[in-house]
4 protein chains.
Amino acid sequence: MINKVTLVGRLGADPEIRTLGSGVMVAKFSVATSESYKDRSGQWQEETQWHDVVVWRNLAERAQTYLRKGSMIYLDGKLTHRKWQDKDGNPRRTTEVVGAFFRVLDGKRDGNDDGNDDYAAAPESPAERTHTERSGQDRQLEAEEDLPF
Amino acid sequence: MINKVTLVGRLGADPEIRTLGSGVMVAKFSVATSESYKDRSGQWQEETQWHDVVVWRNLAERAQTYLRKGSMIYLDGKLTHRKWQDKDGNPRRTTEVVGAFFRVLDGKRDGNDDGNDDYAAAPESPAERTHTERSGQDRQLEAEEDLPF
Amino acid sequence: MINKVTLVGRLGADPEIRTLGSGVMVAKFSVATSESYKDRSGQWQEETQWHDVVVWRNLAERAQTYLRKGSMIYLDGKLTHRKWQDKDGNPRRTTEVVGAFFRVLDGKRDGNDDGNDDYAAAPESPAERTHTERSGQDRQLEAEEDLPF
Amino acid sequence: MINKVTLVGRLGADPEIRTLGSGVMVAKFSVATSESYKDRSGQWQEETQWHDVVVWRNLAERAQTYLRKGSMIYLDGKLTHRKWQDKDGNPRRTTEVVGAFFRVLDGKRDGNDDGNDDYAAAPESPAERTHTERSGQDRQLEAEEDLPF
DNA sequence: TTTT
DNA sequence: TTTT
């Protein structure tokens with residue numbers, strides 16, 4: 001079974017970062033993807049979707065370091081749904097994209113008017129999957145040993 | 001901006017089909033994707049996500065023809081969110097995958113105990129994107145004309 | 001059966017554009033994707049893959065208009081392989097990504113030293129799939145008619 | 001930069017398995033993806049692409065265990081190109097999909113006439129990414145601790 | 001070289 | 001609500 005989401009879009013705000021009691025770091029942020037289309041009167045319309053994204057651990061650290069309001073990112077992950085009850089006991093459902101990987105495609109676009117600019121913009125900074133380093137090893141092995149095929 | 005979802009999973013029920021006043025056909029169905037993981041006591045756990053899917057027009061017709069409870073499909077599309085208000089005026093949000101393409105990977109597996117079996121199972125039946133036929137023309141042209149490169 | 005390729009990378013040169021005798025337009029270009037990894041001595045290495053891409057018709061026109069050496073694009077398409085014979089009669093195989101969709105993620109990065117700058121940079125310009133406009137209609141219908149669910 | 005390939009198709013033969021001197025296991029196999037289209041005379045044509053796939057380490061072990069001629073799999077990975085020289089010193093290029101993940105969508109369909117059937121068919125067996133188990137931990141943490149949002 |  |  002496969003469950004994959006790919007987004008390229010911009011953050012609507014800086015990520016919210018939390019550290020759980022266990023020391024695990026979590027980051028949450030919203031990503032906007034926009035699409036243009038012509039309506040029936042021939043006018044171009046733009047429709048924006050805001051996606052709630054959650055990332056954990058290393059990705060959360062990297063989100064804290066590299067992502068800001070306006071950052072354009074590539075992100076992939078999976079689509080998850082959680083059920084819960086509101087204060088009136090009504091069943092509610094929340095959908096989030098749990099990120100498995102992201103990469104900054106450029107820095108934030110618009111000015112950051114809160115004066116908080118003391119961070120590395122880090123365009124194209126890697127926030128790789130865990131297995132990337134192993135991939136590097138594979139590549140090494142490919143280069144060093146006679147390939148058996 | 002990119003917004004893509006890829007699912008491989010099974011339908012929890014037959015698609016619900018409706019035709020709008022305009023004659024446009026819509027189909028809705030749920031797709032389950034499951035993932036296995038070991039919990040902290042070393043036991044294998046399975047976690048299932050149920051995704052709400054909507055398809056329009058030709059895809060809705062093909063959903064009506066080819067999809068049934070239990071069908072395993074590959075589907076891709078985009079992630080959409082709609083806001084609405086419940087009867088108490090509270091803001092609510094609904095998330096759906098709007099399908100752009102699907103393909104049946106096998107027919108439903110178990111017996112259909114309601115006796116309603118008068119349809120083609122059509123595993124691997126194509127429910128192609130609109131531009132597939134043009135793709136075919138492209139291929140033809142590639143075959144027929146001297147490639148300019 | 002599914003065959004999909006997704007690339008985010010930069011063009012190594014302006015697209016080569018040709019028009020076939022039939023009037024069909026074709027564009028070819030190379031897209032670089034780079035990946036960083038640590039080698040066994042702990043040094044960061046970068047490995048770049050160059051992918052041959054072909055796009056047809058509307059996409060070729062849009063490639064001509066919007067893509068230049070250095071453009072960063074998102075592209076998806078399918079992986080195709082062709083067999084042919086070289087002048088010595090040896091069998092050869094060529095692999096190309098046939099693009100189905102692309103989007104410019106930013107303009108070209110480095111300076112264009114040939115003085116040829118008389119084109120719109122068109123960051124984020126749409127080079128949509130054929131069915132996008134229908135998608136727009138769907139959205140309209142969703143907005144205008146009572147949803148049957 | 002992003003470089004991803006997604007295939008759903010069938011193996012043309014059993015995987016070739018090798019173990020390098022370093023003890024690293026490698027598996028190679030071909031995956032067919034087919035597409036149907038109408039030619040200009042209105043006839044349905046089928047076009048098949050054969051993709052060369054390589055998987056390493058754990059995935060190679062799982063390929064050896066679970067994949068056979070005829071197996072239908074979902075696979076994702078990246079597109080890689082290697083340059084080499086043929087015996088006449090001519091430059092040649094080989095393209096392979098380096099798999100990062102695969103899943104068997106069904107077992108091989110037809111009988112295995114060589115009598116070699118002493119393996120688990122394992123449809124839907126997991127051949128997960130390295131980070132899956134961590135994902136499980138994340139899920140646990142989500143369930144156990146108060147979510148900070 | 002798969003499969004329907 | 002699917003499936004193994």
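Just so we're clear, the structure is a prediction, and the values are computed from it rather than from any experiment. All chains are named by letter (A, B, ...) in the order of the sequence lines, taking the proteins before the strands, and each is independently numbered beginning at 1.
- In the set E:dT1, F:dT2, E:dT3, E:dT1 carries the atom at the smallest distance from any side-chain atom of C:Lys83.
- Looking at D:Leu7, D:Leu67, D:Leu11, D:Val5 one by one, the single match for side chain to side chain contact (heavy atoms under 4.5 Å, CB included) with D:Val53 turns out to be D:Leu7.
- Across E:dT3, E:dT1, F:dT2, the shortest atom-to-atom separation from the side chain of D:Ser30 is found for E:dT1.
- One atom, CD1 of B:Ile73, and another, P of F:dT1, lie 19 Å apart when rounded to the nearest Å.
- Here E:dT2 presents its C1' atom at 13 Å from CZ of D:Phe29, a figure rounded to the nearest Å.
- Atom C1' of nucleotide F:dT4 and atom CE of B:Met72 are separated by 11 Å, given to the nearest angstrom.
- No salt bridge links D:Lys69 with D:Asp14; every basic N to acidic carboxylate O contact stays at or beyond 4.0 Å.
- For D:Ser30, the side chain to side chain contact (heavy atoms under 4.5 Å, CB included) partners at least two apart in sequence or on another chain are D:Trp50, D:Asp52.
- B:Thr6 is linked by a side chain to side chain donor-acceptor pair (under 3.5 Å) to nothing, counting only residues two or more places apart in sequence or in another chain.
- Rounded to a whole Å, the NZ atom of D:Lys28 is 19 Å from the P atom of E:dT2.
- Between the OH atom of B:Tyr66 and the C1' atom of E:dT4 there is a distance of 13 Å, rounded to whole Å.
- Centre separation under 5.5 Å together with a plane angle under 30° holds for the ring of D:Trp50 and the six-membered base ring of E:dT1, marking them as stacked.
- Taking atom CG on B:Asp14 and atom P on F:dT1, their separation rounds to 15 Å, with Å as the unit.
- In this structure, the nucleotide among F:dT4, F:dT1, E:dT3 sitting nearest to the side chain of B:Ala13 is F:dT1.
- Taking atom CG of residue B:Leu105 and atom C1' of nucleotide E:dT3, one finds them 13 Å apart after rounding to whole Å.
- Atom-to-atom, OH of B:Tyr74 to P of E:dT3 comes out at 23 Å; the value is rounded to the nearest Å.
- Each of D:His51 and D:Glu46 lies near DNA chain E, and the nucleotide nearest D:His51 is the one positioned closer to the 5' end.
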